[in-house]
Amino acid sequence: MKVLHTSAECYPAAKAGGLGDVVGALPKYLTAGGNTAAVILPKYQQKWILEQQFTIVFQSSFRLHNQTIFFSIEKIDDEILGYPFYVAAIPGKFDRPGIYADPHSGYPYGDETERYICFQQAILTWVKSLIEKPKIIHCHDHHTGLIPFMMKHCPEYKILKDIPTVFTIHNGQYHGAFSWSKMHLLPFFDAEAYGLLDWNDTINSLATGVKCAWKVTTVSPSYMEELSYNSLGLENLFKQEKEKCIGIINGIDNEVWNPSTDTFIYKTFEEDIDDFKAENKKAICHRFKIDYNLPLITFIGRLVGEKGADLLIELITRFIGNGNKAAFVVLGTGDPKLKEQFLRLKEYFINYYDTSLEYNEGLSHQLYAGSDFLIMPSRVEPCGLNQLYSFRYGTIPIVRTVGGLKDTVIDIGDDNGRGIRFNNFSISDIYMAASRAVSLYENKETIKEIRKRIMKLDFSWEQSCKNYLNIYKNLDSKF
Ligand code: ADP
């Protein structure tokens, strides 16, 4: 393998959001282009992982404070994903049904720090043993943000210090920070490297990743810029490290997200866009008890403040409450309090609003295919994949002008428009955007034109891969 991707998510093995999509697709397209890229993930008790045949390729142990943690590295026998896929089996740490949270209660597991320190040590202990080592180690998000530090400053792993590391931030809202009182969980490190772990008196995995990785990327140019004025306390760090940071827009996996072959949806796309949208919308309206004649505005995503789920509740309440002719469907899971509010709305707006409060991959495809509009009122949006999927299925995005949404959605008021944008995170702005969608829906010819245009857009991985390859080549001239 030339590149080893280390991550907490990878579709289809374990996905909670965009991180899973990206780590599932980037290695596939790198490998297809002749640059073998492997992935290593924790061995969760997730359905897909449980269904695979694994072979143990390495077994060892490491220290976690005064315990010895035994683990094995296992590899899938067939290369069904198009690239080598490994898991770290660490008994007691990841053999649970959820990725980050208990699926029954919805609350996060309380031992995140221990779990991911174990995962990172298991990876490095294994990589140390490899005769042919990866040329690049590519870490994703805070869960693997300590790896570049450990490779440079922990005597146990220093043998790996010359392997270049890339650190990609998919979500800068989560820092994986923990108190210095847990320092004993880390492997021994050089005392003078203390400052590289510290940010505002805590050990901050995201900040350490940014400081120690050879190159830092995030998933859109606008988000890269935004991090230097809005990153929950890391603003100055991003300003300081500006020179080694770059934003690269994510691609989408056109094999998985293909309206012509998608096995999740009711009717695949052949030639007739109207027919494709109408049939899929009928199925969705039936499934969700929604009036078919209304423009259907859908939300898919995590129900958290970052995604603007609270503003969406306010919009639905006021917009339908004021007698506007539009329907809303919400597919999502997340904050238990927000979930309760979304559920309660159902009682008030029969035929106009419905929701499914779950994570459901197949249903998300059906909604991308069957909706007229997809709404993304994000407070923060590093790249956003939903708008790219919605383009592909002829669904017009309504987005707040932020992060990757700003970089990918052109307003329909401008040349070659692709969606409806609004600037401020406010009820008046989003209300106006929804009103524009309702008026647009009346104009069938314009809608058809926009659908045709967005379905042709190319956000495939090929371009993004070239950008990552350039980074790898700059870090290792023999790559
Ligand atoms: P995030 O910040 O959550 O990573 P992205 O836009 O980058 O946001 O990616 C979200 C991905 O997760 C998309 O593939 C979206 O379809 C999927 N997704 C989010 N919530 C759900 C859900 N409840 N059911 C199915 N898919 C979901």
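Side chains are part of it too, since the values below use all heavy atoms of this structure and drop only hydrogens, waters and symmetry mates. Note that ligands are numbered from 1 as they come in the structure, with each ligand's atoms numbered from 1 the same way. By convention here, the first residue in the shown sequence is residue 1.
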J.: Can you name the residues that form a salt bridge (charged side-chain N to carboxylate O under 4.0 Å, His left out) with Asp274, not counting sequence neighbours?
T.: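 For Asp274, the residues satisfying salt bridge (charged side-chain N to carboxylate O under 4.0 Å, His left out) (neighbours in sequence not counted) are Lys448.
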J.: Under 3.5 Å, is there a donor on one side chain and an acceptor on the other for Tyr389 and Asp21?
T.: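 Note: Tyr389 and Asp21 side chains meet the donor-acceptor criterion.
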J.: So which protein heavy atom does atom 16 (O) of ligand 1 come closest to, and at what separation?
T.: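 Answer for atom 16 (O) of ligand 1: Tyr368 OH, 2.8 Å.
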J.: Give the atom numbers and elements of ligand 1 that come within less than 4.0 Å of a heavy atom of Gly384.
T.: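 Numbered from 1, ligand 1 contributes 6 (O).
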J.: Tell me which protein heavy atom sits closest to atom 27 (C) of ligand 1, plus the residue, atom name and distance to 0.1 Å.
T.: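 In this structure, atom 27 (C) of ligand 1 has Tyr359 CE1, 3.4 Å as its nearest protein heavy atom.
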J.: Looking at Asp414 and Arg421, is there a salt bridge between them, counting it only when a charged N and a carboxylate O are closer than 4.0 Å?
T.: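 Between Asp414 and Arg421 there is no salt bridge, as every charged N stays at least 4.0 Å from the carboxylate O atoms.
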J.: Should Arg436 and Asp411 count as an ion pair when the cut-off is N to O under 4.0 Å?
T.: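 Here Arg436 pairs with Asp411 in a salt bridge, since their nearest N and O are under 4.0 Å apart.
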J.: Counting only heavy atoms, tell me which of Leu385, Val256, Leu303 gets closest to atom 5 (P) of ligand 1.
T.: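 The nearest heavy atom belongs to Leu385.
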J.: Suppose we measure from atom 25 (C) of ligand 1 to each protein heavy atom; which comes out shortest, and what is that distance?
T.: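 Here the closest protein heavy atom is Asn360 O, 3.3 Å.
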J.: Which is it for Asn386 and ligand 1 at heavy atoms under 4.0 Å: side chain, backbone, both or neither?
T.: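 Contact part for Asn386 vs ligand 1: both backbone and side chain.
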J.: To check your reading of the model: name the closest protein heavy atom to atom 4 (O) of ligand 1, its residue, and the distance in Å.
T.: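 Its nearest protein heavy-atom neighbour is Gly18 N, 2.5 Å.
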J.: For atom 23 (N) of ligand 1, what's the nearest protein heavy atom and its distance?
T.: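 Among all protein heavy atoms, the one nearest atom 23 (N) of ligand 1 is Glu358 O, 2.9 Å.
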J.: Got the closest protein heavy atom to atom 19 (C) of ligand 1, with its distance?
T.: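 Answer, as residue, atom name and distance: Gly301 CA, 3.6 Å.
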J.: Could you tell me if any non-hydrogen atom of Cys383 lies under 4.0 Å from any atom of ligand 1?
T.: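 Under 4.0 Å: no for Cys383.
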J.: Can you pull out the closest protein heavy atom to atom 14 (O) of ligand 1? Residue, atom name and distance to 0.1 Å, please.
T.: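 Answer, as residue, atom name and distance: Asp21 OD2, 2.6 Å.
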J.: Would you kindly check if the NZ (Lys) or CZ (Arg) of Lys307 is within the cone defined by 45 degrees around the ring axis of Phe299 and under 6.0 Å from the six-membered ring centre?
T.: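 Negative - Lys307 is either too far from the ring of Phe299 or too far off its axis.
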J.: Thinking salt bridges, do Glu449 and Arg453 make one under a 4.0 Å N-O criterion?
T.: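 Counted as a salt bridge, because a side-chain N and a carboxylate O are separated by less than 4.0 Å.
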J.: Go through Lys267 and Asp275 one step at a time and tell me if the salt bridge (charged side-chain N to carboxylate O under 4.0 Å, His left out) criterion holds.
T.: CA-CA 9 Å; Lys267 176 148 187 21; Asp275 183 48; 3.6 Å; yes
J.: Do Tyr393 and Asp262 have side-chain atoms, one donor and one acceptor, less than 3.5 Å apart?
T.: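 Present: a donor and an acceptor within the cut-off.
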J.: Would Tyr389 count as a contact of ligand 1 if the rule is a heavy atom under 4.0 Å away?
T.: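 Yes, Tyr389 has heavy atoms under 4.0 Å from ligand 1.
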J.: Nearest to atom 3 (O) of ligand 1, what protein heavy atom do you find, and at what distance?
T.: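 Here the nearest protein heavy atom works out to Arg302 NE, 2.8 Å.
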J.: Tell me the contacting part of Lys307 for ligand 1: side chain, backbone, both, or neither, using a 4.0 Å heavy-atom threshold, strictly below.
T.: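 Answer for Lys307: side chain.
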J.: Considering the heavy atoms of Gly332, write down every atom of ligand 1 situated less than 4.0 Å from one of them.
T.: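 In order of number, 23 (N).
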J.: Less than 4.0 Å between a side-chain N and a carboxylate O, is that true for Asp95 and Lys43?
T.: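 Salt bridge flag = no for Asp95 with Lys43.
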J.: Run the salt-bridge test on Glu279 and Lys282 with the 4.0 Å N-O cut-off and return the result as yes or no.
T.: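 Yes.
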J.: Can you find a non-hydrogen atom of Lys15 under 4.0 Å from ligand 1?
T.: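 Distance cut 4.0 Å: Lys15 passes for ligand 1.
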